[in-house]
Amino acid sequence: MLDIKLIRTHFDEVKSKLETRGVNGEELDRLKELDENRRELIQKSEQLKKERNDVSDQIAQKKRNKENADDAIASMKKVGSEIKAIDNQLEDIEEQVKGIASGLPNLPHPSLPIGEDEESNEEIRRWGEVPEFAFEPKPHWDLGTDLNILDFERGAKVARSRFVYYRGLGARLERAIYNFMLDTHISEHGYEELIPPYLANDEALFGTGQFPKFKEDVFQVDGHPLTLIPTSEVPLTNFFKDEILDEKDLPKYFTALSPSFRSEAGSAGRDTRGLIRLHQFNKVEMVKFSKPEESYDELEKMTNNAEAILQKLGLPYRVVLLSTGDTGFAAAKTYDLEVWIPAQNTYREISSCSNTEAFQARRAMIRYRKEDGKIDYVHTLNGSGLAVGRTVAAIIENYQQEDGSIKIPDVLVPYMGGVTEIR
RNA sequence: GGAGAAUUGUCCGAGUGGCUUAAGGAGCACGCUUGGAAAGCGUGUAUACGGGCAACCGUAUCGAGGGUUCGAAUCCCUCAUUCUCCUCCA
């Protein structure tokens with residue numbers, strides 16, 4: 001959610017910035033009109049309430065003195081119904097204001113390249129050597145199926161398409177990877193580990209920005225006001241929902257492993273094979289709560305934390321700064337980490353690190369008290385560190401050998417009980 | 001799932017329709033006192049929204065949302081959470 005006062009005072013600036021993100025300017029004109037209307041009604045209503053409070057005191061006084069107060073009571077009866085009428089109108093307008101305001105994306109940070117989509121994204125840096133194979137590299141779904149460590153057919157049989165079973169050393173590899181990731185973040189990067197709820201209520205999903213606009217992307221539990229989390233960003237960020245933190249407790253870092261559930265409505269036909277786009281996948285998430293003035297430093301550090309995982313795993317990747325049009329709803333600035341996928345001869349997203357500034361904090365009411373006693377919204381950041389399934393895919397493909405076996409990256413060998421390859 | 005009790009400010013806690021602008025206490029901050037500290041005394045101590053350059057003023061908030069009333073922390077309804085007992089369960 002954007003600051004309504006900012007929209008009020010810097011209207012044209014906000015409007016043109018949001019237009020770079022594909023927002024229709026007319027919506028903002030309407031919002032401005034509603035906001036003015038709203039403030040007028042608030043003043044009317046509050047003035048009448050003051051009158052009612054004052055006269056009620058007088059009535060109480062008279063009653064105590066055993067005097068007659070019928071006239072005052074009669075006139076307050078009228079004021080009461082006036083207040084009710086105005087408040088009803090106000091409620092209606094506030095609903096409309098919230099309807100528009102909660103659907104507006106965050107303002108883009110000035111450093112973003114301006115553009116409609118991923119075509120305008122800017123590559124920041126590359127790391128690692130893209131492997132040269134003396135043979136035709138196979139896609140991970142063929143390698144995984146042949147090695148009997150991934151079973152997509154049975155996943156589809158028991159659930160539906162886009163679900164998978166990991167088997168044997170495949171399951172162990174997944175577990176090795178996420179344990180390695182969590183251990184690295186908690187012991188080298190200063191994060192506190194959480195195991196969060198995997199279902200969240202509507203308020204939490206509103207807080208991080210999935211609701212009300214992106215309901216079709218998630219799985220909701222029939223008969224319960226709960227949704228399967230599409231990312232543990234939801235329970236991690238909402239951990240401090242409605243709380244006022246102390247400045248000395250900032251920055252605060254959380255990490256968690258969780259499954260993520262996504263309906264993938266609208267992605268029919270894309271990545272239909274393999275581990276890249278499933279309805280359920282494991283992800284190690286990083287979330288930070290930061291003072292506003294430090295949040296962009298924290299974003300760089302968080303991105304580096306995610307990169308450290310790829311580097312230790314020896315997976316080549318590049319860092320991409322998303323354009324205004326490609327940046328997600330809640331984010332002011334996002335770096336994507338894209339890992340090399342040999343069989344597709346391209347880089348594919350494996351992490352996304354964002355600073356949402358106060359956008360989520362305002363929705364979830366996460367604030368902090370400064371040294372001087374003043375209260376302000378924190379900045380929240382989130383990033384994948386990393387998507388575990390896609391990491392498995394990247395390892396299978398980048399570490400494949402001519403005979404179809406997979407070499408295990410050195411850092412994972414201890415987590416694999418000494419296993420150095422899968423064959 | 002069934003029965004009962006509870007939810008008040010930073011914390012504890014009083015408060016069954018109007019002298020409650022939420023008593024009292026603790027904590028915290030500042031001041032007085034002191035050689036210094038403790039004790040004592042005094043003052044202050046929430047959040048949101050609206051108005052105002054500001055000082056400040058107004059409105060709302062006693063778990064949440066509705067309702068009754070001129071007026072609700074207080075009465076009524078719905079819901080959430082916590083605790084106790086039963087049931088079930090890993």
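Predicted model only: the values in this text are computed from it and were never measured. By convention in this document, chain letters (A, B, ...) are assigned in the order of the sequence lines, proteins followed by strands, and residues within each chain are numbered from 1.
- Comparing A:G373 and A:G80 along RNA chain B, the residue whose closest nucleotide (by nearest heavy atom) sits nearer the 5' end is A:G373.
- Checked for salt-bridge contact, A:R30 and A:E27 miss the test: no charged N lies under 4.0 Å from a carboxylate O.
- Between A:K248 and A:D246 a salt bridge is recorded (basic side-chain N to carboxylate O distance below 4.0 Å).
- Salt bridge annotation for A:R348-A:E397: absent, with no cationic side-chain nitrogen under 4.0 angstrom from a carboxylate oxygen.
- The aromatic rings of A:H189 and A:Y191 stand perpendicular to each other, their planes meeting at an angle above 60°, with 30° marking the opposite boundary.
- Residue A:K49 has its side chain nearest to B:A60 when only B:A60, B:G51, B:G58 are considered.
- For the pair A:K32 and A:F11, the cation-pi test (distance below 6.0 Å, angle within 45°) is passed.
- For A:R369, no side-chain nitrogen or oxygen approaches OP1 or OP2 of B:A46 to under 4.0 Å.
- Residue contacts for A:R362: at a heavy-atom cut-off of 4.0 Å it reaches no nucleic acid atom on any strand shown.
- Atom C1' of nucleotide B:C70 and atom CD of A:E67 are separated by 16 Å, given to the nearest angstrom.
- Between the CD1 atom of A:I244 and the P atom of B:C11 there is a distance of 11 Å, given to the nearest Å.
- Salt bridge annotation for A:K49-A:E46: absent, with no cationic side-chain nitrogen under 4.0 angstrom from a carboxylate oxygen.
- Between A:R38 and B:G50 there is a side-chain polar atom (N or O) within less than 4.0 angstrom of OP1 or OP2.
- Of all nucleotides listed (B:U68, B:G50, B:G58), B:G58 comes nearest to the side chain of A:K50.
- Put simply, A:N53 has no side-chain N or O that comes within less than 4.0 Å of OP1 or OP2 on B:C70.
- A salt bridge links A:D54 with A:K50: the closest approach of a Lys/Arg side-chain nitrogen to an acidic carboxylate oxygen falls below 4.0 angstrom.
- Straight-line distance from the CD atom of A:E94 to the P atom of B:G65: 13 Å, rounded to whole Å.
- No N or O donor and acceptor, one from the side chain of A:Q43 and one from the base of B:G50, sit under 3.5 Å apart.
- Using a 4.0 Å cut-off, some side-chain N or O of A:R367 falls inside it from OP1 or OP2 of B:A48.
- Across B:C56 and B:U45, the matching P atoms stand 11 Å from one another, rounded to whole Å.
- Taking atom C1' on both B:U78 and B:G18, the two are 28 Å apart, rounded to the nearest angstrom.
- Remark: A:I59, A:A60, A:K63, A:R64 in residues 57-66 of chain A come within less than 4.0 Å of RNA chain B through at least one heavy atom.
- Checking the phosphate oxygens (OP1, OP2) of B:A48, no side-chain nitrogen or oxygen of A:K5 falls inside 4.0 Å.
- When the C1' atom is used for both B:C11 and B:G27, the distance is 7 Å, rounded to whole Å.
- Phosphate contact (OP1/OP2 of B:C70, side-chain N/O of A:K77, threshold under 4.0 Å): present.
- Atom-to-atom, CG of A:L41 to C1' of B:G51 comes out at 15 Å; the value is rounded to the nearest Å.
- For B:A60 and B:G71, the C1' atoms lie 16 Å apart once the distance is rounded to whole Å.
- Remark: the separation of the P atoms in B:G40 and B:G25 is 12 Å, to the nearest Å.
- A close approach under 4.0 Å does occur between a side-chain nitrogen or oxygen of A:R52 and OP1 or OP2 of B:G71.
- Here, B:G31 and B:G17 have their P atoms 45 Å apart, quoted to the whole Å.
- No salt bridge links A:R270 with A:E264; every basic N to acidic carboxylate O contact stays at or beyond 4.0 Å.
- Taking atom P on both B:G66 and B:U61, the two are 11 Å apart, rounded to the nearest angstrom.
- Atom CD of A:E36 is separated from atom P of B:G51 by 11 Å (rounded to the nearest Å).
- In this structure, A:Y377 atom OH and B:U47 atom C1' are separated by 10 Å, rounded to whole Å.
- Side-chain atoms of A:S263 come within 3.5 Å of backbone N or O of A:E216 as a donor-acceptor pair.
- In this structure, A:F163 and A:H279 have tilted ring planes: the angle between them lies in the 30° to 60° band.
- Rounded to whole Å, the separation between the C1' atoms of B:C30 and B:C79 comes to 44 Å.
- A salt bridge between A:D29 and A:K15 is present, with a side-chain N of the basic residue lying under 4.0 Å from a carboxylate O of the acidic one.
- If you take CD of A:E51 and P of B:G71, they are 13 Å apart, rounded to a whole angstrom.
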Quiz item: Under a 3.5 Å cutoff on both atom distances, Watson-Crick or G-U, what's the dot-bracket for RNA chain B ([ ] crossing, | other strand)?
Solution: ((((((((.[[[..)..(.....]]]((((((.......))))))((((((....)))))).[[[[[..)....]]]]])))))))....
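- Not one side-chain nitrogen or oxygen of A:K44 sits closer than 4.0 Å to the OP1 or OP2 atom of B:U59.
- Taking atom CG of residue A:D54 and atom P of nucleotide B:G18, one finds them 19 Å apart after rounding to whole Å.
- RNA chain B is contacted by both A:Q47 and A:I73; A:Q47 maps to the nucleotide lying nearer its 5′ end (nearest heavy atom per residue).
- For A:R363 and A:F206, the positive end sits near the middle of the six-membered ring, less than 6.0 Å away and at most 45° from its axis.
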